[in-house]
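Here the structure is a predicted model, which is why all the values come from computation and not from measurement. The basis for the numbers below is simple: all heavy atoms, side chains too, and nothing from hydrogens, waters or symmetry mates. Atoms within each ligand, like the ligands themselves, are counted from 1 in listed order.
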Amino acid sequence: MRISVFGCGYLGAVHAACMTRLGHEVVGVDVVADQVASLNRGAAPFFEPGLPELLSEGLATGRLTFTTDAAEAAGCDVHFVCVGTPQKAGENAADLRYVHAAIDDLLPLLRAGDVVVGKSTVPVGTAEALAERLDEGASGAELIWNPEFLREGFAVKDTLHPDRFVYGARSNEQGERAKRRLDEVYAVALGEGTPKIEADLATAQLVKVAANSFLATKISFINAMAELCEATGADVTLLADAIGHDARIGRRFLNAGVGFGGGCLPKDIRAFMARAGELGVDQALTFLREVDSINMRRRVRMVDLAREECGGSIVGRRIALLGAAFKPDSDDVRDSPALSVAAQMQLQGAHVVVTDPQAIDNARKKWPDLAFADTVEEAVKAAELVVVLTEWPEYVGLDPRQLAERVDAKRVIDGRNCLDPTAWRDAGWTYRALGRP
Ligand SMILES: NC(=O)c1ccc[n+]([C@@H]2O[C@H](COP(=O)([O-])OP(=O)(O)OC[C@H]3O[C@@H](n4cnc5c(N)ncnc54)[C@H](O)[C@@H]3O)[C@@H](O)[C@H]2O)c1
């Protein structure tokens, strides 16, 4: 099939490359010329394992191109909308201007029978408004909402082999036809038995924010338990292991630490609360405010713990921070807890050096005043405190004996509960972590 993908960031670039792998002919449209040029050279503009290879493969087939000219999407049968929906400045609500701009660009190109597939995460009610815009434009095209659940770091696998599909469509003939068209796009994964849930537009939009709210709640739950553990001398990692054995609870997403961040969870729960307020059901989501607060408190606690470890003040102390990305296997620093902690420590007078295997360039753009080092060895040189803020495998596997030779004081704070405390203590380090004695 001929497919267009509007918005070629973390979601859209991966989606475009994966659709080419599935045999489709794909044109990716983005408004950022440098990004388009980079994608056309086969260079991913961000770090995502497997994406460069997939881009090169797709470009070589001649079935994958990227452009800034939306008109090149004319003639495509299916148009995916993958543009950003960031938090509005100074508000909790989502900024939908990019979604509407993509529809503005699409309207003159659409033909009867074409399908517009929304993948961006939007407040419930957005899809209905966009469908109306397509009707008013007499395009004859139909809108489907098909939320995306990919995880950065696993985006290629998650797109080629998703754990489920959700289609939201209007219950009429066009809606039915549009769904069958989407079945053709996803024929390979559907053939592998991937579950599919067909729903109305509202449910499909809600599924995504409900899923993210659940995950955020699970993380904040264990971080709230960490606060209790800190007050009582209990150990949150043992608590998580113990409750995680209950199949109804499960161990995943129960790692206490510095909390969640990134381009999705924080802004999605806030936009969800804002939308609930507009719908008059704000009470239903009051708990998400607490989820958000618990999450933000962990960042403050991290700085407090560093202060305690440094004997009451971090002013003038050399602190090495390992990690800038909001999670490992990504260079995404949007709302990254690691950078938030780094900035706070620097503002409070510490000499902070940040390192990360992939995210230094993005981090430097966001916080140009921070000092960065390319390697762990450089970052920890003469450090009086080492803090692990992103659980990259290379940090989890660090040899505490080797590292001890480079620092001025053997103090480590494990902000992700990802190190082996015994190994570090045996190597002479003072080991501290959130939620652990
Ligand atoms: N990143 C993820 O892991 C992920 C996962 C699931 C869902 N989502 C959702 O997908 C959407 C996109 O997220 P992202 O992380 O890819 O964001 P992003 O900022 O990396 O990418 C958005 C892209 O859209 C482009 N764009 C903006 N206006 C445009 C227009 N009018 N026409 C064409 N391109 C335009 C931007 O230049 C940018 O490259 C968001 O709604 C997000 O919540 C993201």
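With Phe326 as the aromatic partner, Arg334 does not meet the cation-pi criteria of under 6.0 angstrom to the ring centre and within 45 degrees of the ring axis.
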Donor-acceptor pairs under 3.5 angstrom involving side-chain atoms of residues 357-377: please list them, not counting sequence neighbours.
{"from": "Asn362", "atom 1": "ND2", "to": "Asp331", "atom 2": "O", "distance (Å)": "2.7"}
{"from": "Thr375", "atom 1": "OG1", "to": "Glu378", "atom 2": "N", "distance (Å)": "3.1"}

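Between Leu130 and the options Val122, Asp135, Leu143, Leu96, a side-chain contact (heavy atoms from CB on, under 4.5 Å) holds for only Leu143.
Nearest protein heavy-atom neighbour of atom 9 (C) of ligand 1: Thr121 OG1, 3.5 Å. Nearest protein neighbour of atom 1 (N) of ligand 1, counting heavy atoms only, is Glu152 OE2, 2.8 Å. Protein heavy atom at the shortest distance from atom 25 (C) of ligand 1 is Asp30 OD2, 3.2 Å.
Note: an N/O pair closer than 3.5 Å links Gln35 and ligand 1 by distance alone. The N/O atoms of Thr85, backbone and side chain alike, include one that comes under 3.5 Å of an N/O atom in ligand 1. Taking distance alone, with nitrogen or oxygen atoms compared against 3.5 Å, Asp105 stays at or beyond that limit from ligand 1. Below 3.5 Å of separation, one finds an N or O of Leu11 facing an N or O of ligand 1.
Take His79 and apply the ring pair (Phe, Tyr, Trp, His ring centres under 6.0 Å) test, not counting sequence neighbours, and it matches no residue.
Not a single heavy atom of Arg151 lies less than 4.0 angstrom from ligand 1.
Proximity of Lys267 to ligand 1, defined as any heavy-atom pair under 4.0 Å, is confined to the side chain (atoms from C-beta onward).
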